[in-house]
Amino acid sequence: MIASHLVTPEDIDISWSDIAGLDGTIQELRETVVLPVRHRKLFSRSKLWRAPKGVLLHGPPGCGKTLIAKAIAKDAGMRFINLDVGVLTDKWYGESQKLATAVFTLAKKLQPCIIFIDEIESFLRMRGSNDHEATAMIKTQFMLQWDGLMSNTNICVLVLGATNRPQDLDKAILRRMPAQFHIGVPRDCQRLEILQLILQTEQLCPSVNLKELARLTTGFSGSDLRELCRHASLYRMRQFMREKLNTGEKIGKGKIEWDFEVKDHALQ
Ligand code: ATP
C-alpha cells in the first residue's frame, strides 16, 4: 500500500529545469536540503550543519510545491514516499497508528528518503477539542516517530510537507519543520519565465508577445498559465482540423502555428 506511492530518484520525472521563475528559492533549497544529503560525510563534521528533518513548502495552489518536492528528491538522490493522508486517516483508521510507524520504518530502510505529505494541514492541523481520539493518537504516533529521526543524526529521512494553509498547522509541527519556504503566486517576470518554459517547444505565431502575455496574466499561478497555453493551442488545433475537413485537404499537412486571443475580455 505504501510502496505503491514510492518512487526512486531515477524514476522521478521532474528536475530543477522543469521549474521556472524560482531560481532564488531553488538555490536556497539546494543549499539547505540537497547539499547536506549529497555530501553527508562533509556536513557531518559539525552538528550545526546537518540536513533538516522537516521542511515545509507553503503557498497557494498550483504554484510549484509538488514540482519542487520531486526535484529535491531527484537532485539529492533520495527515494520519495508520497504519503496519502486520506489512506492514513480513513481506510486504515484502526490501523493508522501502525501505518504511521510502518512509514517511518520503511523510510529508514530506504534512506536517504523523503516522506512527502501534500496538504499536511489536513493531517497535522492544530489539535482541537473536537479531534477524534483516534486522530489524536495517529498524530502523537507520527510525531513520536519523527522525533526519533531528529535524535538520530545518522538517519537520512526528511519529512517534507506542502500546504496552502500554514496557519492551520499545529505549532508543534511547525517547530519540527525549521526550514520553511513560501512559494507564492508568480510576479510578472516569473510568469514570463514560466511561459517561456511551457512554450519553448511550441510553434507560436511570430506575433506572440510573451512579455505582454505575462503582463496580462496577473494573479495566474504556474498551473493556470499551463492551462491557458493548453486551451489556446487546442483552440488553434481544432480550427486547423475544421479547415482541413472543410477543404478535404490531408490532415497531416500544413503548419499549425498558434496565438493567444483576447475574446470577450478573456484571454483564450
Ligand atoms: P497544490 O497546492 O494544488 O498541490 P502545487 O503548488 O503543488 O499545487 P504543482 O502541482 O507543483 O503545484 O504545480 C502544478 C502544475 O503547474 C505543474 O505540473 C506545472 O505544470 C505548473 N507549474 C506550477 N508552477 C510552475 C513553475 N514555477 N514552473 C513551471 N511550471 C509550473
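Side chains are part of it too, since the values below use all heavy atoms of this structure and drop only hydrogens, waters and symmetry mates. Read the numbers this way: they start at 1 and go in the same order the structure lists the ligands and their atoms. Computed from a predicted model, the values in this text were never measured in an experiment.
The closest heavy-atom contact to atom 18 (O) of ligand 1, among the options E227, R226, R165, comes from R226.
Ligand 1 has no nitrogen or oxygen under 3.5 angstrom from a nitrogen or oxygen of L22.
Identified under the side-chain hydrogen bond (donor to acceptor under 3.5 Å, both in side chains) test for residues 206-215, with sequence neighbours left out: E212-R215.
Look at A20 and you'll find a heavy atom under 4.0 Å from some atom of ligand 1. In this structure, C63 has a heavy atom closer than 4.0 Å to ligand 1.
For atom 19 (C) of ligand 1, the closest heavy atom belonging to the protein is L67 CD1, 3.8 Å. Considering only non-hydrogen protein atoms, atom 7 (O) of ligand 1 sits nearest to T66 OG1, 2.6 Å. The shortest contact between atom 8 (O) of ligand 1 and any protein heavy atom is with G62 N, 2.8 Å. Nearest protein heavy-atom neighbour of atom 14 (C) of ligand 1: S223 CB, 4.0 Å. Of all protein heavy atoms, the one lying nearest to atom 2 (O) of ligand 1 is K65 NZ, 2.9 Å. For atom 29 (C) of ligand 1, the closest non-hydrogen atom of the protein is D18 O, 3.5 Å. When hydrogens are left out, the protein atom nearest atom 13 (O) of ligand 1 is G64 N, 3.9 Å; that is the closest non-hydrogen contact.
Of the possible donor and acceptor atoms, one in the side chain of S221 sits under 3.5 Å from a partner among the backbone N and O of D224.
The one candidate from K65, E119, E121 that meets the side chain to side chain donor-acceptor pair (under 3.5 Å) condition with T163 is E121.
Near I19, with a cut-off below 4.0 Å to any heavy atom, the atoms of ligand 1 are 27 (N), 28 (N).
The ring-ring contact (aromatic ring centres under 6.0 Å, His included) test applied to H182 returns H58, not counting sequence neighbours.
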task: Could you please spell out the steps behind the side chain to side chain contact (heavy atoms under 4.5 Å, CB included) verdict for Q141 and T101?
output: CA-CA 7 Å; Q141 186 60 26; T101 311; 2.9 Å; yes
